[in-house]
Amino acid sequence: MADMHTLTTEALAGAVDALALDEVVEFTSDLIRIDTTNRGGGDCRERPAAEYAAERLAAAGLEPVLLERTPGRTNVVARIEGTDRDAEALLVHGHLDVVPAEAADWSVDPFSGEVRDGVVWGRGAVDMKDMDAMVLAVVRAWARAGVKPRRDIVIAFTADEEDSAVDGSGFLADRHPHLFEGCTEGISESGAFTVHTGPGRALYPIAAGERGTAWLKLTAHGTAGHGSKPNKANAVSRLAAAVARIGEYDWPVRLTDTVTACITELAAIHGLSVDPRAPGFDLDAVLAELGPAAVLVEATVRNSANPTMLSAGYKLNVIPGQATAYVDGRMLPGGEAEFIATLDALTGPDVTWEFHHREVALEAPVDGRTYAILRESVERFDPDGHVVPFCMAGGTDAKQFSRLGVTGYGFSPLKLPPGFDYWALFHGVDERVPVEALHFGVRVLDHALRTL
């Protein structure tokens, strides 16, 4: 009879074999080497990465389709048939594009995909070519083992997530909704990675919400004139005053269900007993007690609006008749009406504003079967870890897929060592991911997808 250790190891292994562990590293490295930098405004070409992913899906017996709104901006969609024909389908999606990287700032070539000292280096290592590689490795392991998931799984590798998503998930949701028939839930990036908040304390935040996107264009109108003359209708002054008011505004605290659950669970982990819904709840005091764990909460307890760009004038001694600014706004679930009313008040009568880009806020249940399975899948492979729900400060392709009735969770599992700062590497310099973290991710993802 096999000993208990052997039985436990075999039980945990699932469909993941040694080849899957090798392939997830290989695929992460290969995808990093395919430069899919998205500079915005349509300046990106994801097609080589899409073809790479499609070839590996096809080799696993699937029939991927490549779809483009704009030449070169390629998306890949494939469906795995589940064993329960009455079950709702699950969407698993990841984007192929990455943000720019300034090579001079990096220790390695950001598109080398170098594997050194047990770490894969390069742009996209954590955002999110690692997750793309995990999905490919799991699907291929299933094909080798003859594994079928319980429910249909639709796999989507998308373009343009790092800009407007109009060539990616937005295009797919609007023009090809039939490919996602039956999908009610989805999983993607930015969740289930390790956040170390103290000795022996490893948190795994699973995203169950996203703030809405509210990118704004402000326009101030005034009277053009000579720079040497008094001018009470100076568009630049009017714009500057509005921008200053927006930048200095102290948004009130608004606790959503997801954030409330996050605070409650974090407090319990830290030995605190709190009720965020109680009158007089002192959020600042609790955040101070949470220490490093407060990072999971502090950016999502209120709406926000940060001025980011200014444009005015064409000559130093000429007062222009118009000036513009851009503001990166984010809205909590349920916070859009307050956001709009506040911006109307802050901009005042001499400055107009409009949504330059707008996407909905999201919130997913944390008290149902799906979240419970995601939690169990992480804790199965790290029993000492603490899984908590959290709301993302920014957004993902889940916003666009929500148009199809898909409830999204952020779940791209990585077990990271102490001192490995995921937040700093996300869009940061020297982005990288440990090989062991990829192995952990493949095992967790395999178990979660088979169980869901």
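With Arg151 as the partner, the side-chain hydrogen bond (donor to acceptor under 3.5 Å, both in side chains) test is satisfied by one option alone out of Glu185, Glu81, Glu88: Glu185. The residue from Thr28, Leu414, Val444, Val92 that alone fulfils the side chain to side chain contact (heavy atoms under 4.5 Å, CB included) condition with Met134 is Leu414. The side-chain hydrogen bond (donor to acceptor under 3.5 Å, both in side chains) with Thr36 is formed by just one residue from the set Arg123, Lys129, Arg45; it is Lys129.
His447 and Glu376 share a side-chain donor-acceptor pair at under 3.5 Å. Donor-acceptor pairing under 3.5 Å is recorded for the side chains of Asp397 and Thr158. Donor-acceptor pairing under 3.5 Å is recorded for the side chains of Thr258 and Glu363. Side-chain atoms of Arg330 and Thr300 form no donor-acceptor pair, as typed in the model, at a separation below 3.5 Å. When only modelled atom types and interatomic distance are considered, His221 and Asp350 share no side-chain donor-acceptor pair under 3.5 Å.
Inter-residue side-chain proximity for Ser112 and Arg33 is flagged as unmet; no heavy-atom pair is nearer than 4.5 Å. Contact annotation: the side chain of Thr213 never approaches that of Arg358 to less than 4.5 Å [non-hydrogen atoms, C-beta and beyond]. Side-chain atoms of Thr74 and Glu51, non-hydrogen and from C-beta on, never get closer than 4.5 Å to each other. With contacts defined as side-chain heavy-atom distances shorter than 4.5 Å, the pair Val301/Leu283 qualifies.
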Quiz prompt | Residue pair Glu210, Lys399: steps toward the salt bridge (charged side-chain N to carboxylate O under 4.0 Å, His left out) verdict | solution = CA-CA 8 Å; Glu210 299 182 4; Lys399 295 186 183 303; 3.4 Å; yes
Practice problem: Given side chain to side chain donor-acceptor pair (under 3.5 Å), test Asp160 with Asn38 step by step and report yes or no. | Solution: CA-CA 7 Å; Asp160 203 28; Asn38 190 339; 3.2 Å; yes
Exercise. Evaluate side chain to side chain donor-acceptor pair (under 3.5 Å) for His93 paired with Glu189, printing each intermediate quantity in order.
Key: CA-CA 8 Å; His93 58 99; Glu189 63 179 317; over 6 Å; no
Quiz item: What's the verdict on salt bridge (charged side-chain N to carboxylate O under 4.0 Å, His left out) for Arg56 and Glu23, showing C-alpha distance, side-chain angles and the deciding distance?
Solution: CA-CA 11 Å; Arg56 279 142 190 83; Glu23 284 191 339; over 6 Å; no
Exercise. Begin from the C-alpha positions of Asp163 and Arg39 and carry the test side-chain contact (heavy atoms from CB on, under 4.5 Å) through to its verdict.
Key: CA-CA 8 Å; Asp163 191 24; Arg39 297 174 181 83; over 6 Å; no
Quiz item: Between Arg403 and Glu359, is a salt bridge (charged side-chain N to carboxylate O under 4.0 Å, His left out) present by the stated rule, with each step listed?
Solution: CA-CA 10 Å; Arg403 301 173 194 170; Glu359 280 295 347; 2.8 Å; yes
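Ring orientation note: the planes of His178 and His176 are tilted relative to one another, at an angle of 30° to 60°. Ring-plane geometry between Trp423 and Phe390 is classed as perpendicular, the angle between the planes exceeding 60 degrees on a 0 to 90 degree scale with a lower cut at 30. In this structure, Tyr249 and Trp251 have perpendicular ring planes: the angle between them is above 60°, well past the 30° mark.
Residues Trp215 and His356 keep their aromatic ring centres 6.0 Å or farther apart. When ring centroids are compared, Trp121 and Phe111 stay outside the 6.0 Å threshold. Aromatic ring centres of Phe180 and Phe401: separated by under 6.0 Å.
The two atoms that bring Thr451 and Arg150 nearest to each other are O-NE, 4.3 Å, heavy atoms only. Smallest separation of non-hydrogen atoms from Asp35 and Thr37: OD1-OG1, 2.5 Å. The shortest non-hydrogen separation linking Val387 to Tyr371 is CG1-OH, 3.8 Å. Heavy-atom minimum distance, Val351 versus Ala220: CG2-CB, 3.8 Å. Of all heavy-atom pairs spanning Val76 and Ala54, the tightest one is CG1-CB, 4.1 Å. When all heavy atoms are compared, the tightest approach of Ile34 to Pro48 is CG2-CB, 3.7 Å.
Phe420 carries Arg432 over the face of its six-membered ring, with the cationic atom under 6.0 Å from the centre and within 45° of the normal. Cation-pi geometry between Arg175 and Phe171 is not met at under 6.0 angstrom from the ring centre and within 45 degrees of the axis.
Salt-bridge formation is not detected for the pair Glu63/Arg79: no Lys NZ or Arg NE/NH1/NH2 atom is positioned less than 4.0 Å from an Asp or Glu carboxylate oxygen.
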